[in-house]
Amino acid sequence: MSNINNFNKILKNLNILYIEDEENIRINIKKTLELFSEKVFDVENISKAKDILSKNRIDIIISDINLPDTSGIEFIKELRKTDKTIPVILLSAYTDREYLLEATKLKLVDYLTKPIDFKNLNNALQKCVEEILDNSRYMITFKNNIQYNVSHNCLIDNNKKEEIHLTNKELDLLNFLIKNNNRICSADELKSAIWDDYLEATDSALKNLLNKLRKKIGKESIINISGVGYKLEN
């Protein structure tokens, strides 16, 4: 599968929060965003945006700068105190040097001027997916219909509709494998990532931990390349 197709597939399953106080613009942009994502929350002010954030998993934020209650920049400044990595796209009706200087401090994915060009929006959303993958903020679905929410460290059995408990070390192992899922991880790498005390980081301890995690996410989900290491398969 090409990178573009893969990004589009991931984007389809991500939740977008879109903040815009001008109703006509909000309606039109929401329709466009729904071509990319199956779940788009649209609100007209920061107060409602905070309510959505408190009750839902949000993967990408798109916000206008000029809003009635708080500016988009002030909102993102506040958000960055607790969430350093969620991808953010800021929108403005004009390019203002002062805004741009402020925006560069907020670790934005992009700054787009209105009216929004479809191609520019598409490119910005693709960058968001790259950020999400780089920061391991993602929903991973394993072959046996077990799903892992990387953002919330939550493993769900979709067949039984219940959460599967993971120990701290199982979480450390799973998150490390997800972050490095493009390559094979050596046993020594895994041990140093999971155990602080090297005396505890034995081959048998790692093997035991791998077996426990395999039972929860599926034994085929972690493959062992003999003499090389381990890799996540999903």
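Please read all numbers here as calculations on a predicted model, not as lab measurements.
- Hydrophobic clustering (side-chain heavy atoms under 4.5 Å, transitive across Ile, Leu, Val, Met, Phe, Trp, Tyr) groups Leu91 together with Ile25.
- Considering only heavy atoms from C-beta on, Glu23 stays 4.5 Å or farther from Glu44 through its side chain.
- In this structure, Asn208 contributes its side chain and Ser204 its backbone to no donor-acceptor pair below 3.5 Å.
- With values rounded to the nearest 0.5 angstrom, Lys169 atom NZ is found 12.0 Å from Leu206 atom CG.
- At least one cation-pi condition fails for Lys77 and Phe75: the charged atom is not both under 6.0 angstrom from the six-membered ring centre and inside a 45 degree cone around its axis.
- Classification of Glu34 and Lys12 as a salt-bridged pair fails, no side-chain N sitting under 4.0 Å from a carboxylate O.
- In this structure, Ile184 is not a member of the same hydrophobic cluster as Leu232, with clusters built from ILVMFWY side-chain heavy atoms closer than 4.5 Å.
- In the displayed structure, Lys39 atom NZ is contacted under 6.0 Å by at most 12 heavy atoms of other residues, nucleotides or ligands.
- Listed by first and then second residue, the side chain to side chain donor-acceptor pair (under 3.5 Å) pairs that reach into residues 187-196 are Arg183-Glu189, Lys191-Asp203, sequence neighbours excluded.
- Closest non-hydrogen pair, Asp21 versus Pro68, comes out as CB-CD, 3.6 Å.
- Summarising the local packing, CD of Glu162 is surrounded by more than 12 heavy atoms from other residues, nucleotides or ligands at distances under 6.0 Å.
- Under a hydrophobic-cluster definition in which Ile, Leu, Val, Met, Phe, Trp and Tyr are linked whenever side-chain heavy atoms come within less than 4.5 Å, directly or via other members, Ile19 and Tyr111 are assigned to the same cluster.
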Could you go step by step and tell me if Leu190 and Leu177 meet the side-chain contact (heavy atoms from CB on, under 4.5 Å) rule?
-> CA-CA 8 Å; Leu190 294 175; Leu177 288 169; 4.0 Å; yes
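- The shortest side-chain heavy-atom distance between Cys185 and Lys231 does not fall under the 4.5 Å cut-off.
- We find the CD1-OH distance between Ile217 and Tyr148 to be 10.0 Å, quoted to the nearest 0.5 Å.
- The shortest distance between side-chain heavy atoms of Pro87 and Ile132 falls below 4.5 Å.
- Checking side-chain atoms of Ser37 against main-chain N and O of Leu14 turns up a donor-acceptor pair under 3.5 Å.
- The distance from the CG atom of Leu125 to the CG atom of Leu121 is 4.5 Å, given to the nearest 0.5 Å.
- To the nearest 0.5 Å, the span separating CG on Leu112 from CG on Asn123 amounts to 9.5 Å.
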Dump the intermediate steps for side-chain hydrogen bond (donor to acceptor under 3.5 Å, both in side chains) on Thr141 and Gln147, then the final yes or no.
-> CA-CA 4 Å; Thr141 302; Gln147 194 170 55; 3.0 Å; yes
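- Using a 4.0 Å cut-off between charged nitrogen and carboxylate oxygen, Asp157 and Lys161 do not count as a salt-bridge pair.
- Asp69 places a side-chain N or O within 3.5 Å of a backbone atom of Ser47 that can act as its donor or acceptor partner.
- Two residues are said to be in side-chain contact when any heavy atoms from C-beta on lie closer than 4.5 Å; Ile61 and Ile16 fail this criterion.
- Here Glu20 pairs with Lys114 in a salt bridge; the nearest charged N to carboxylate O distance falls below 4.0 Å.
- Atoms OG and CG, from Ser63 and Leu17 in turn, are 8.0 Å apart once rounded to the nearest 0.5 Å.
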Please test Lys216 against Glu170 for salt bridge (Lys or Arg N to Asp or Glu O under 4.0 Å), starting from the C-alpha separation and ending with a verdict.
-> CA-CA 10 Å; Lys216 295 180 179 181; Glu170 287 167 354; 2.8 Å; yes
Dump the intermediate steps for side-chain contact (heavy atoms from CB on, under 4.5 Å) on Asn8 and Gln126, then the final yes or no.
-> CA-CA 8 Å; Asn8 289 339; Gln126 298 295 345; 2.9 Å; yes
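- Under the 4.5 Å side-chain criterion, counting only non-hydrogen atoms from C-beta, Thr32 is not in contact with Ile116.
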Audit row: Asp110, Lys127, side-chain contact (heavy atoms from CB on, under 4.5 Å) steps and yes/no | CA-CA 8 Å; Asp110 220 329; Lys127 289 180 197 173; 3.1 Å; yes
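- With hydrogens and angles disregarded, a donor-acceptor distance shorter than 3.5 Å links the side chain of Arg214 to the backbone of Ile222.
- Residues Ile140 and Ile223 are members of separate hydrophobic clusters, defined by side-chain heavy-atom contacts under 4.5 angstrom among Ile, Leu, Val, Met, Phe, Trp and Tyr.
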Walk me through it: do Glu78 and Lys50 pass the test salt bridge (Lys or Arg N to Asp or Glu O under 4.0 Å)?
-> CA-CA 11 Å; Glu78 184 182 343; Lys50 288 179 178 178; 3.3 Å; yes
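- In this structure, Ala124 and Ile89 approach most closely via the heavy-atom pair CB-CD1, 3.6 Å.
- If you chain together hydrophobic residues whose side chains sit under 4.5 Å apart, Ile10 and Leu35 fall into the same group.
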Under the side-chain contact (heavy atoms from CB on, under 4.5 Å) criterion, do Asp172 and Ile194 qualify, and how do the steps go?
-> CA-CA 6 Å; Asp172 289 342; Ile194 295 159; 4.2 Å; yes
Any chance you could lay out the side-chain hydrogen bond (donor to acceptor under 3.5 Å, both in side chains) test for Glu38 and Asn15, step after step, and finish with the verdict?
-> CA-CA 8 Å; Glu38 291 178 355; Asn15 295 346; over 6 Å; no
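- A donor-acceptor pair is defined here as one N or O able to donate and one able to accept, closer than 3.5 Å; such a pair exists between the side chain of Asn56 and the backbone of Ile52.
- Counting heavy atoms from C-beta on, the side chains of Tyr230 and Ile225 never come closer than 4.5 Å.
- A pairwise comparison of heavy atoms in Cys128 and Ile60 identifies CB-CD1, 3.6 Å as the closest pair.
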Take Glu22 and Arg26, measure what salt bridge (Lys or Arg N to Asp or Glu O under 4.0 Å) needs, and give me the verdict at the end.
-> CA-CA 6 Å; Glu22 293 185 44; Arg26 191 172 69 253; over 6 Å; no
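- No donor-acceptor distance shorter than 3.5 angstrom exists from the side chain of Asn158 to the backbone of Ile146, with no hydrogens or angles considered.
- Looking at heavy atoms from C-beta onward, Asn122 lies in side-chain contact with Phe36 at the 4.5 angstrom threshold.
- Put simply, the side chain of Arg80 gets close to the backbone of Ile86: a donor and an acceptor are under 3.5 Å apart.
- For the atom pair CG of Leu53 and CD1 of Ile58, the computed distance is 5.5 Å after rounding to the nearest 0.5 Å.
- When the shell of 6.0 Å around CG of Asn159 is examined, it contains more than 12 heavy atoms from other residues, nucleotides or ligands.
- More than 12 heavy atoms of other residues, nucleotides or ligands lie within 6.0 Å of CZ in Phe118, so this atom counts as buried by the packing criterion.
- The closest side-chain heavy-atom distance from Glu74 to Ser71 is below 4.5 Å.
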